[in-house]
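Here is the structure we will look at, set down as structure tokens.
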Number of protein chains: 2
Amino acid sequence: MPPRPPRRDDPVRQRSLRDHNLALVLRHVTAANRPPSRAEIAAASGLTRATVSTIVDELIAGGLVAELEPVSRSGVGRPGTGIVPAGTGPAGLGMEVNVDYLAVCAVDLTGAVRHRQVRRLDQREHSPAQTWQALGELADQAVAAVAAQGLVPAGGVIAVPGLVEGDTIRIAPNLGWQQVALPRPEDLGGPRDLPLDVANEATLAALGERHATGLRSFLYVSGEIGIGGGIVLDGELFGGSHGWAGEIGHVTIDPQGPDCHCGSRGCLEQYAGEEAIRAAAGLRAGGAVLADLVDGGRQGSAPVLDALEHAGTALGVALSGAVNLLDIGTVVLGGHYAELIDWLRPAIERELARRVITARWAPAKVRASALGSDAALVGAARAVTQAILDDPARFLATRPAPAV
Amino acid sequence: MPPRPPRRDDPVRQRSLRDHNLALVLRHVTAANRPPSRAEIAAASGLTRATVSTIVDELIAGGLVAELEPVSRSGVGRPGTGIVPAGTGPAGLGMEVNVDYLAVCAVDLTGAVRHRQVRRLDQREHSPAQTWQALGELADQAVAAVAAQGLVPAGGVIAVPGLVEGDTIRIAPNLGWQQVALPRPEDLGGPRDLPLDVANEATLAALGERHATGLRSFLYVSGEIGIGGGIVLDGELFGGSHGWAGEIGHVTIDPQGPDCHCGSRGCLEQYAGEEAIRAAAGLRAGGAVLADLVDGGRQGSAPVLDALEHAGTALGVALSGAVNLLDIGTVVLGGHYAELIDWLRPAIERELARRVITARWAPAKVRASALGSDAALVGAARAVTQAILDDPARFLATRPAPAV
DNA sequence: TCTTGTTTGTTCAGCCATTGAACTTATAGG
DNA sequence: CCTATAAGTTCAATGGCTGAACAAACAAGA
């Protein structure tokens with residue numbers, strides 16, 4: 001998603017030095033748990049107060065941060081003026097295409113969700129073109145709504161439940177899409193000049209989770225109709241060679257297991273996918289499966305508890321392999337799994353303890369998603385703002401200082 | 001291994017700018033397939049000729065690169081003087097502790113192996129202290145041998161078949177070691193002031209493979225008595241949270257499979273470890289298992305071919321999971337697997353094609369290790385030189401320009 | 001042999017971002 | 001009202017890169 005990550009093979013000139021320190025200061029502003037003063041930023045970053053001052057001035061001029069009213073905080077000495085990420089100006093537009101709904105949200109640079117709208121719409125009954133059109137309408141409304149709050153979207157990211165590569169959606173099984181070209185701004189409707197991007201929903205959800213929790217490294221697993229995943233390493237999303245990393249849904253649990261629609265056998269989805277759990281629990285098809293499972297779990301229904309125990313065991317086996325391979329300390333359960341975690345966790349942790357070779361020295365933690373079902377949507381919007389925060393110089397260069 | 005990787009949260013001053021460009025220029029010198037001139041480095045790196053000149057001067061003064069005799073290469077114009085990594089000066093000392101041998105080697109900055117010695121010694125009959133002592137003798141000889149060639153080891157790395165964390169070897173199953181403290185220079189014997197480091201052998205082998213082949217991203221799997229692995233992503237070794245990433249040997253193949261000594265069931269080692277293959281092939285225990293397998297394979301022995309086919313299938317299942325998770329394009333087979341690749345590959349590729357969800361768009365390649373059984377040893381030595389090449393400024397700062 | 005054209009490598013003034021110290025501003029406490 | 005303390009700004013100095021001019025080394029042609 002970042003248009004072009006800074007590469008270590010780039011030559012470094014004076015300007016890139018400033019670029020780096022712009023990002024460094026901005027990072028301190030966003031990461032601090034209390035609006036830091038210029039002096040505090042200087043102390044924390046290792047730069048001098050003089051440098052921080054000029055950099056903060058540049059960020060203020062570019063509309064990326066703002067000064068608070070000077071408030072006397074504590075003790076003697078001249079009180080500092082707190083610096084905060086701008087609550088107006090650039091925003092990120094997140095969009096989500098899922099099986100039976102579309103959603104749009106907007107976040108500002110502080111990470112706050114400033115707009116959110118969901119519309120029920122079954123994509124299986126519509127062509128991709130119709131989906132883009134409907135999504136465009138929602139986006140239009142979002143742009144208008146945030147404009148009233150002083151926000152201007154700097155880009156949009158669309159989350160889709162499928163594999164994205166280059167300029168096509170290779171396949172989105174549950175939408176019934178194959179080889180669908182990525183939408184250009186005009187496909188969404190109005191003549192927007194928004195830079196658009198499309199990415200896998202689980203990947204974006206992992207990103208959203210990373211920003212919501214501050215976790216530096218974790219494996220995110222989202223269980224809905226399909227099972228998706230995303231890997232965050234040291235604060236960075238890990239995409240793999242083609243951006244397809246994290247596809248844990250088709251990891252083999254049992255080489256001789258049941259056939260999977262992907263052509264393989266014994267995939268995790270055949271044990272812990274929504275349909276598999278529903279069938280094992282003896283629930284009716286076509287209903288509100290998640291709600292039924294939660295109800296069954298709460299009421300202690302034996303078939304439901306058994307089904308979740310089996311799913312958790314399979315999840316635990318797959319996650320053990322992932323933890324052995326990646327040596328990753330935390331597993332975040334998202335999507336439906338977040339609401340089922342109480343019944344899934346015992347089996348998952350049992351398998352992790354048994355199958356992860358380093359479990360006795362550094363047991364992996366299992367926790368529920370903090371964002372729940374909004375993770376992908378918010379993650380998509382945050383991907384836009386994060387790109388600005390990660391490389392403010394690029395943003396400032398393309399969009400010169402707004403008229404004051 | 002790099003004592004302290006450059007962090008993006010560091011402030012950037014003028015000096016770090018020079019540090020970055022020192023590394024940038026040095027990287028161009030080592031990566032070029034022909035000694036580049038200052039002008040060519042400038043063109044390739046984006047720096048100006050003036051800057052490259054001063055940087056090259058600094059590198060020459062520090063003994064990291066050298067000028068070739070100016071040779072008229074081609075066409076008109078003043079011929080450039082080629083710049084090459086120094087063949088004298090700093091060297092890397094690689095050491096390996098394995099079940100039944102110790103080994104030492106030294107490489108120079110060009111990556112060439114300038115010394116290599118292996119000594120049969122069964123660690124299971126000796127204490128760690130005795131092992132360090134014996135290794136120290138080999139190291140002494142190596143230091144003396146390379147000194148005669150104008151090389152001075154700048155550091156040493158020891159490869160061990162076990163899990164290393166902080167300042168202890170947590171466990172090295174096949175050596176029978178548990179909670180062994182990492183050796184300090186004095187534990188090896190003579191009063192050396194060599195900075196020492198210890199790391200997992202498969203991890204280091206992956207690193208060696210990376211430098212030998214130039215591959216940017218791959219999964220390295222080494223099959224010997226145990227199965228180890230290492231992950232290289234975008235040219236960098238991926239260590240995970242504790243440096244334990246790549247432990248593919250205990251990924252679950254079948255949750256109900258045979259018990260493994262690690263306490264789990266159905267681990268890959270139970271299907272594709274040396275002992276498992278030997279037993280399946282009906283070979284006698286205690287012999288030269290690898291040689292027997294290669295012989296059996298060449299002669300078309302049915303039990304041997306069957307055993308290797310089974311091992312390849314299990315490897316394929318485990319690798320499929322890894323590729324699904326990491327979206328990694330290449331799998332490198334090392335250790336004994338390198339010599340058995342002809343009989344393992346068909347089954348591995350069959351499983352990859354069937355089980356990797358993205359196989360039809362981007363099939364993963366399977367190849368044999370280029371370094372074979374020396375991968376860990378050479379990788380350990382290269383880890384030292386690579387640290388210098390990655391951050392020449394640190395080296396130049398600690399070891400000022402040698403007397404000219 | 002001499003001249004011309006081309007490319008390499010060096011020199012140097014100019015530029016730019018950071019530094020460190022001095023200075024100004026703003027507060028608390030006596 | 002004065003002093004101590006801390007925040008923020010100003011400014012000369014420093015270090016590293018750039019660009020242009022220049023010197024050096026070679027090929028090709030006259």
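Just so it is clear: chains get the letters A, B, ... in the order the sequence lines come, proteins before strands, and each one is counted from 1.
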Return the CZ to CG distance between A/Arg382 and A/Asp108, rounded to the nearest 0.5 Å.
9.0 Å

Steps toward side-chain contact (heavy atoms from CB on, under 4.5 Å) verdict (B/Thr110, B/Val84):
CA-CA 8 Å; B/Thr110 71; B/Val84 290; over 6 Å; no

Could you run down the sub-3.5 Å N/O contacts of the protein with nucleotides 22-25 of chain C?
residue	atom	partner	partner atom	Å
C/dT25	O2	A/Arg78	NH1	3.2

From the options D/dA20, C/dT19, C/dA26, select the nucleotide whose nearest atom is closest to the side chain of B/Ala50.
D/dA20

Would you mind telling me which of C/dT18, D/dT5, C/dG5 lies closest to the side-chain atoms of A/Val76?
D/dT5

Rounded to whole Å, how long is the line connecting atom [atom1] of [X] with atom [atom2] of [N]?
X	N	atom1	atom2	answer
A/Ile41	D/dG8	CD1	P	9 Å
B/Glu58	D/dG15	CD	P	13 Å
B/Arg38	D/dA24	CZ	C1'	13 Å
A/Arg18	D/dG16	CZ	P	18 Å
A/Leu22	C/dT18	CG	P	8 Å
A/Glu40	D/dG8	CD	C1'	13 Å
B/Ile60	C/dT10	CD1	C1'	14 Å
A/His20	D/dC17	NE2	P	16 Å

Report yes if a side-chain nitrogen or oxygen of [X] is closer than 4.0 Å to either non-bridging phosphate oxygen (OP1 or OP2) of [N]; otherwise report no.
X	N	result
A/Arg15	C/dC16	no
A/Thr54	C/dA17	no
A/Asn21	C/dT18	yes
A/Thr51	C/dA17	no
B/Thr48	D/dT18	yes
A/Ser37	D/dG8	yes

Scan A/Leu59, A/Ile41, A/Ile55 and name whichever one has a side chain to side chain contact (heavy atoms under 4.5 Å, CB included) with A/Leu26.
A/Leu59

Sole candidate of A/Val25, A/Leu24, A/Val29 that passes side chain to side chain contact (heavy atoms under 4.5 Å, CB included) when paired with A/Arg27
A/Leu24

B/Glu67 with B/Arg38: basic N within carboxylate O range, under 4.0 Å:
yes

Under 3.5 Å, is there a donor-acceptor pair between the A/Arg216 and B/Ser241 side chains?
no

Side-chain contact, heavy-atom cut-off 4.5 Å: B/Leu396 with B/Leu22?
yes

Can you find a pair of side-chain heavy atoms, one from B/Leu237 and one from B/Leu204, that are under 4.5 Å apart?
no

Angle between the end axes of the helix from C/dT1-D/dA30 to C/dG30-D/dC1, five pairs per end, to the nearest 10 degrees?
10°

Work out which heavy atom in B/Val378 is nearest to a heavy atom in B/Cys105; give both atom names and the distance.
CA-SG, 4.1 Å

Is B/Ala39 touching bases, backbone alone, or none of the nucleic acid, heavy atoms closer than 4.0 Å?
sugar-phosphate

Can you establish whether the number of heavy atoms outside A/Arg184 located under 6.0 Å from its atom CZ is more than 12?
no

